[in-house]
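Everything on this sheet refers to the single structure shown next.
Just so it is clear: chains get the letters A, B, ... in the order the sequence lines come, proteins before strands, and each one is counted from 1.
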Amino acid sequence: MPSVDAYAAELLEGLNEPQREAVTHEGGPLLVIAGAGSGKTRVLTHRVAWLVRTGQVGLGEILAVTFTNKAAAELRHRVGDLLGRSTRGLWVSTFHSSCARILRVEAERLGYSRQFTIYDSDDAKRLLKRVLDSQGADTKRFTPGSVHNRISDHKNRLRSVEQAAEQAAGFYDRTVVDAYRGYQQALVANNAMDFDDLMGRTVDLFERFPEVRERYRNAFKHVLVDEYQDTNPAQYRFLQLLCMDDPMHLDPDDEFGPLAGEEPGHRNLMVVGDDAQSIYGFRSADIRNILDFEDDFPDAKVVRLEQNYRSTQHILDAANGLIEHNANQRKKHLWTDLGAGDPVRVRALPDDHAESRWVVAEIERLAGEGAPLGEMAVLYRTNALSRAIETALTGAELGYQVIGGVRFFDRAEVKDVLAYLAWLLNPANTVAFARIVNRPKRGIGDTTVGRLLAHASTLGVTPLQVLDDPAAAGLKTAAIRSVGAFAEQVHELREAVLAGSTIADLVEAILRVTGYRAELEASNDPQDEGRLENLEQLHAYADEFDHEDASAEPDDERASLRPLDRFLQQTALLSDADQKGDHPDGTVTLMTLHNAKGLEFDSVFLIGCEDGVFPHSRAIDAGELEEERRLAYVGLTRARRHLSLTWARRRGLYGPPQSQVPSRFLRELPVEALDESSPEALSGGVQAVPRPRYDAGRIGRVGGGGGGSTSGRTLAELGLRRGSELGSAGRAAAGGAGDEAPDVVVGQRVRHGKFGEGDVVTVDDNVIVVDFDEHGERRLIAGFARLEPV
DNA sequence: TATTGCCTCGTTTTT
DNA sequence: CGAGGCAATA
């Protein structure tokens, strides 16, 4: 029983009833459905403080997991404020850094050294490219990026290579599985883990070593999770292993109940999230984790937070009305006592330039009324849309910041220096080696690198060990001289590492000894100045790390890892400096809807609300409309006071401008939430005639006679009808015979989209049927046609 | 081995 | 339209 004194009770002040219920929940699984702006961080922080103050657990017995470093830092900070004392000992960290921390200690059990390197997705793709090349895969069809996505999905769903192989259906899948196998072996050989491995290997660890699992389960008496709707199956399993009895989900063959000799799980799992804001399905996040929580944990308590403290009611009505169109969603109704406020505005503009000008004019108008620019945001589905707005803002001499793009630690020059550090620490890391061996250029080309790597691999040693005998690797005189010079630099740098130089000094040494800085200084490429600045920034960052590290108190992690290990881990798991959340004065913020999650602004402009742009055409093709709608929901609920949605009748995304159709999401907004001018923008002045509804259904294969160009022909003209089998005549009708795959014509636009077998793609009333050969290669398009209204 | 020009292709991205 | 990848060149 918790002891509630006045000191603890103070934590409940100012909380509404459901918030209080969540904070004081006495144990067992707890799901908090926290609508947008309903105070979920408050609930999380107050609950941590409550558990401690009521004497239920010590600070060090709580694990709070988030997805971002920023969220973790904020959580820690706010708990510290509530408790009025240091939060040392409290584990608040991201899924990935919690796992990294655990794995550092336990790495040897899994065949890694504790100095293992963490590969970011760029490193991972480089390694994967080597694997694909070595397996003779066609890297045009099997790009490292696409194959990595597939492998990542396997890993996030906890599929081993063998399990992936079992499910592999076609040629494509089998190639992916081969790559997966080779890639995984390569990772181990490099003593490296990718991001997905951090989760997956921790799960492995807990499953294979029950005593390790039990140690961590005993260490954390309460586990709290933020943004639960974005968890993937691996993360779900991780939580289960930490909190529950022997887990049964995902592996129904396991027996229920604790393993022999194991204590039962404490079941103190609190998850907070909003299914309506699940927007990371493409990264294998599984919304079912939050939708099915009560099924997974029948004794779960569910608390719903629906009072919104952010937006006015019109904005919430728009959001509520929109999300109701999702079937696979928990019913929810956000409300506020902040009043009705301004209605939401929908505007149609002739083209993208006009759209930008309208938005900028509105920004100026609001600014003229005294609204700060820092409280305004322009949101869009894809980064490409920022351009026109940027131009218009620049023309109006308004300040703006664009969030997104290349992150600091992802910049090539920064990654080069980090790769030097990583390789000096872990010479088995061939990705780092290949990256730096000719940077700056020192006459060691791809062939030489290949020979060095092959030679090292034959001898079963690291590249470092073959540098001193380049002749043995079969190199010629010129290459031997180049490699020799590189080897000397490496020896000098290694000595500095062994001597325990500070990281800032190591960075400095790398820039000097390798001639990296000299090369940039000598260059007349204007961009190189910026690169030098970035490197100075990296140096300053390292210096700061050195100082913090020197003054920090020792803990278990420090005892087992050297500063350089920790530095590299931090840079690998840290994204950009958390600029995302701050709203600099006099600066409008531009960003994608994904980046906007968790933020709020007085005024929000959501641009590019056109079918094909938002919802994105690829999402439409893939049948991911519900996730797109959630993305729209996220966008709408960012606004506190003013919300405007715009679309352009014509937009040139790539190439010449194309006619656009207003986003279906606009039509789903309840008119009561909109202003009086909006309906006009929805019906569209020029396109006043409402589009007839067609029921294309699944046509399946079509075929028949015909001939000539297919563009603009009807199904009948092509001799095609629903359900007919495709014959050779049909192929001719489709505009391409045999294996030649013609371009797909959508409206007036040619695209090379990916479609599934027998897919029917409708754009307006144009229908395209696509067929695939056994390799998944698009073989022919049966027709571009006009369907009759039903 | 480095450079040039041609061709292709086009979401979102917490770690 | 424009960035990045690749093949043909110097």
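A/F614 meets the ring-ring contact (aromatic ring centres under 6.0 Å, His included) test with A/F665; sequence neighbours excluded. Applying the ring-ring contact (aromatic ring centres under 6.0 Å, His included) rule to A/F95 yields the partners A/F67; only residues at least two apart in sequence or on another chain are considered. For A/Y112, there are no ring-ring contact (aromatic ring centres under 6.0 Å, His included) partners, not counting sequence neighbours. By the side chain to side chain contact (heavy atoms under 4.5 Å, CB included) test, A/N149 is found to be paired with no residue, residues two or more places apart in sequence or in another chain being considered. Remark: A/R451 pairs with A/L475 by the side chain to side chain contact (heavy atoms under 4.5 Å, CB included) rule, at least two apart or across chains.
At a cut-off of 3.5 angstrom, counting only N and O atoms as typed in the model, there is a donor on one side and an acceptor on the other between the side-chain of A/R283 and the base of B/dT15. Applying the 3.5 Å distance criterion, the base of B/dT12 shares a donor-acceptor pair with the side chain of A/R381.
One finds a side-chain N or O of A/N383 lying less than 4.0 angstrom from the OP1 or OP2 phosphate oxygen of B/dT12.
Boundaries of the chain A contact region on DNA chain C are C/dC1 to C/dG2, first to last in 5' to 3' order (nucleotide atom under 4.0 Å from a heavy atom).
Residue A/S93 is classed as having no contact, given no heavy-atom separation below 4.0 Å to the nucleic acid. A/D196 comes within 4.0 angstrom of nothing in the nucleic acid, heavy atoms only. Within the 4.0 angstrom heavy-atom criterion, no nucleotide atom of any strand lies near A/S121. Contact annotation for A/D120: no contact, since no heavy-atom pair falls under 4.0 Å across all strands. If you check every strand for non-hydrogen atoms under 4.0 Å, A/R387 touches sugar and phosphate atoms only.
Taking a centre distance below 5.5 Å and an interplanar angle below 30 degrees as the stacking criterion, A/H96 does not stack against the six-membered base ring of B/dT15.
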